[in-house]
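The sequence lines fix the lettering, A, B, ..., with proteins before strands; numbering per chain opens at 1. The shown structure was predicted, so the numbers you read here are calculated from the model rather than taken from an experiment.
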Amino acid sequence: MNINTQIVHCTIEAVRHMYGQETDAAAITVQDTRKEFEGQLTVVTFPFTKFSRQSPEQTGAAIGDYLKEKISVIEAYNVVKGFLNLVIADSFWISELNAISSQPFFGNLPAKNEKVMVEYSSPNTNKPLHLGHVRNNLLGYSVAEILKAAGYEVIKVNLVNDRGIHICKSMLAWQRFGNGETPQSTGMKGDHLVGKYYVAFDQAYKQQISDLMAEGQTEDEAKKNAPIIREAQQMLLKWEQKDPEVYNLWKMMNGWVYKGFDVTYKSLGVDFDRFYYESDTYMLGKDIIEEGLAKGVFFRKEDNSVWIDLTEDGLDQKLVLRGDGTSVYITQDLGTAQMKYQDYHMQRSIYVVGNEQDYHFKVLFLILDKLGKSWAKGLYHLSYGMVDLPSGKMKSREGTVVDADELIAEMIASAQTQTEELGKVSEFTSEEKTSLYRQVGMGALKYFLLKVDPKKRLLFDPNESIDLQGNTGPFIQYSYARCRSVLRKAGEKTLNNIVTGALSDQERDCIIMLRKYPAVIEEAAAAYSPALLANYLYDLSKVFNKFYHDEPILKLEDENLMNFRLMLCEQCGNAINQGMKLLGIEVPEKM
RNA sequence: GGUUCAGUAGCUCAGUUGGAUAGAGCAACGGUUUUCUAAACCGUGGGUCACAGGUUCGAAUCCUGUCUGGACUACCA
């Protein structure tokens, strides 16, 4: 049994035995002992003073006596105010390290027999990916990997938004202004080429609006009447009728975009088990509308449009089908949700989508629940904050975005500069260098985005480069490289069931931190928060670096102690490697 | 207006189910290497946890109100 739960149970026993009172495990706090006091684990005994009718000090001492008597690994205790600090025997921590070392996949939790779908990325195919998408992709990927490590079966899904008026805008602009440009002819990445015409459309559209306004139309009229937007709408109709010319153009330009996305996905290191395309799903959902009407969940207005009244739930009336029978956003999402469930029968489904859509998902889940879908309870919107620039929000149409490909290239270049300045890569082959620069640059970027609580908005200042020192990805990567370096130099050793004498503070701190790893995975999975894991890995790296700095390893004459410390290095390195993998970050053997 | 998320050091962020004197990093200043990687380690300075009440042995954390900022509140997706 875990020592923490053992202490909790034993404390319940103590309270029952000494004070004749029943307490709940939830009422007992066992926490790490603060550095300035002696001991490793602390029981908060304030809650029991009302049973004992004694001072916190006396109560703590009484419980301390009881615990020390019953739990053999408790060597001593002290009480400060109401805090009972327990000194756990070093032999216990050593056996913990041995136990960790004997597990081939420490931190991979047992299978939970539950299937979880994680939908993320979900790009529009009319422009390249920007920093906001990067956050989405890294978050989705990492949450999926953490869930896997926590024992869930995970399906990663990408629902590609490949149709709609916005797609027609870039198509039309390309037709109009493109002069037959292709990725081949221009050497541009396909998604960037298409994005260029999306911007071109917007410029032409704005020009027409201002021309019409100069002729006396109001802004609203001008927005509706601009010839180019009308043409885009015509194009969408043609697309829906599968007009061959439009349809082929659509296929060709989407093909360019997919090729471009593939490159970006590859540099981000994200992947998917299944792609859904909105061009296949946009007609779905009509049968759900019928179902809802039959069940009386929806109602029809005079103009034939279909609505749901959510005022009792504190929301508004919401349109679910237009008067002309065509779908809106939520119609197809209803249908798509149903289809995904039929395809996989997962217990949970996580939508990784920005917090600007909080309202949409609230409505979506509520509707499915009202329709009596048993699986609606398992739907969850992982809502994350926008990435903002100091100047405000990023807008693709206005070109005020931090482009994903450019940012990646800059990060790698900056990693290269800083690595070369340190002068540690003279013996690297050019492949090794390339690979290291990429690992460090991407590690810095990914950690930067993942260490922040997902639901918080993130500020990115393009004028300030992302640090490679301190609480950063490269710091953790460096710690790993140190682990590996020592082990390389130690050569072949069998590091098993090693016993040593008393532990130094640094050694004990490492073990205490290390053994938390599985619990961190569990928490990160439950909270859908890679940030918890990221911050843990930083803490682990910090205690390891302190140990590495303060304690000799290879210079030791005591073979047992050397082997013990090597094992500690090995296990810290393993945990860092495993954990970073779940964040999608690679760790180098040397740096 | 309504809904919702946030507000912690100059900046970027941690802070477990309420627990001890609120922690890191960056930036500033100072120190550590003939010894396993100095992308490291150690130290100094820096706080009215937005504000005001309340609950409690105990509140950054829970409750109420106020202020500030973001998002949403489309027959766009």
Side-chain angles (χ1 to χ4, degrees), chain A residues 25-29 31-34 36-37 42 44-47 49-50 56 80-83 85 122 124 161 163-167 278 282 303 305 307 314-316 318-324 326-330 332-333 354-360 362 383 385-386 388 392-393 415 418-419 421-422 424 440 444 448 451-453 455-461 464 467-479 481-482 484-490 519-520 523 527 531-532 534-536 538-539 541-542 545-546 548-556 562 565-566 569 590-591:
Chain A
I28 298 170
T29 311
Q31 61 192 30
D32 291 345
T33 304
R34 290 180 72 104
E36 53 269 40
F37 304 108
T42 294
V44 182
T45 61
F46 290 106
T49 52
K50 59 175 177 276
V80 181
K81 297 187 201 169
F83 297 93
N85 303 320
S122 307
N124 292 336
N161 192 313
R163 64 161 285 281
I165 188 75
H166 51 294
I167 313 291
E278 221 177 86
Y282 80 106
D303 67 354
S305 58
W307 295 73
L315 304 172
D316 303 314
K318 182 86 186 166
L319 177 94
V320 292
L321 194 70
R322 290 193 188 101
D324 63 6
T326 57
S327 300
V328 289
Y329 181 32
I330 202 149
Q332 52 175 296
D333 262 11
N355 63 13
E356 57 198 351
Q357 294 199 34
D358 285 357
Y359 186 75
H360 171 75
K362 210 186 241 184
S383 161
M386 298 287 101
D388 289 329
K393 208 179 165 181
Q418 297 202 39
T419 305
E421 275 170 16
L422 291 171
K424 289 201 280 190
V440 172
F448 176 80
K451 75 168 176 182
V452 180
D453 185 333
K455 65 173 180 279
K456 290 198 176 177
R457 65 192 269 265
L458 197 83
L459 195 73
F460 177 79
D461 188 345
E464 276 178 41
D467 287 325
L468 307 183
Q469 270 107 33
N471 186 357
T472 65
F475 173 89
I476 300 170
Q477 290 173 319
Y478 179 67
S479 312
R482 280 183 146 179
R484 300 307 303 166
S485 169
V486 177
L487 290 162
R488 248 193 329 271
K489 289 186 178 161
V520 171
E523 279 170 36
L532 295 177
N535 285 301
Y536 165 79
Y538 174 65
D539 289 338
S541 298
K542 249 194 337 185
N545 273 321
K546 172 107 175 111
Y548 182 93
H549 180 268
D550 292 354
E551 311 269 27
I553 302 168
L554 298 174
K555 278 165 294 187
L556 289 167
M562 188 198 295
R565 288 185 176 167
L566 285 171
C569 282
K590 292 188 271 183
M591 71 183 275

**Item:** A6(B) - base-pair partner by Watson-Crick or wobble geometry, distances under 3.5 Å
**Value:**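 Across all strands, the one nucleotide that pairs with A6(B) is U68(B).
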Under 3.5 Å on both distances, the Watson-Crick or G-U partner of A28(B):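 Partner of A28(B): U44(B).
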Atom pairs, protein N/O to nucleotides 13-15 of chain B N/O, distance under 3.5 Å:
{"residue": "A14(B)", "atom": "OP1", "partner": "D453(A)", "partner atom": "N", "Å": "2.6"}
{"residue": "A14(B)", "atom": "OP2", "partner": "K456(A)", "partner atom": "NZ", "Å": "2.9"}

Review point. Y538(A) has a side chain; which of A24(B), C75(B), C36(B) sits nearest to it?
Key: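 Given the options A24(B), C75(B), C36(B), the side chain of Y538(A) is closest to A24(B).
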**Residue whose closest nucleotide on RNA chain B lies nearer the 5' end, G323(A) versus Q418(A)** =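 Result: Q418(A).
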query: If you measure from OG on S305(A) to CZ on R322(A), what distance do you get to the nearest 0.5 Å?
result: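 CZ of R322(A) is found 11.0 Å from OG of S305(A).
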OP1, OP2 of [N] versus side-chain N and O of [X]: anything below 4.0 Å?
X	N	answer
S485(A)	U37(B)	yes
K489(A)	U37(B)	yes
K424(A)	A39(B)	yes
Y329(A)	A77(B)	no
R163(A)	A77(B)	no

Can you find a donor-acceptor N/O pair under 3.5 angstrom joining the side chain of [X] to the base of [N]?
X	N	answer
N85(A)	A20(B)	yes
T42(A)	A20(B)	yes
D303(A)	C75(B)	yes

Detail all sub-3.5 Å separations between protein N/O atoms and N/O atoms belonging to nucleotides 56-62 of chain B.
none

Taking only nitrogen or oxygen atoms into account, show me every contact under 3.5 Å that the protein makes with nucleotides 41-46 of chain B, one pair per line with its distance.
{"residue": "C41(B)", "atom": "O2'", "partner": "H549(A)", "partner atom": "ND1", "Å": "3.1"}

TODO: Quote, to the nearest angstrom, the C1' distance that separates U61(B) from G54(B).
DONE: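 So the two C1' atoms sit 15 Å from each other.
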| said: Between A50(B) and C41(B), how many Å separate the two C1' atoms, rounded to a whole number? | reply: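 Each nucleotide's C1' atom is 37 Å from the other's.
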*Nucleotide U73(B), atom P - distance to NZ of K318(A) in whole Å*: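 Atom-to-atom, K318(A) to U73(B), this comes out as 7 Å.
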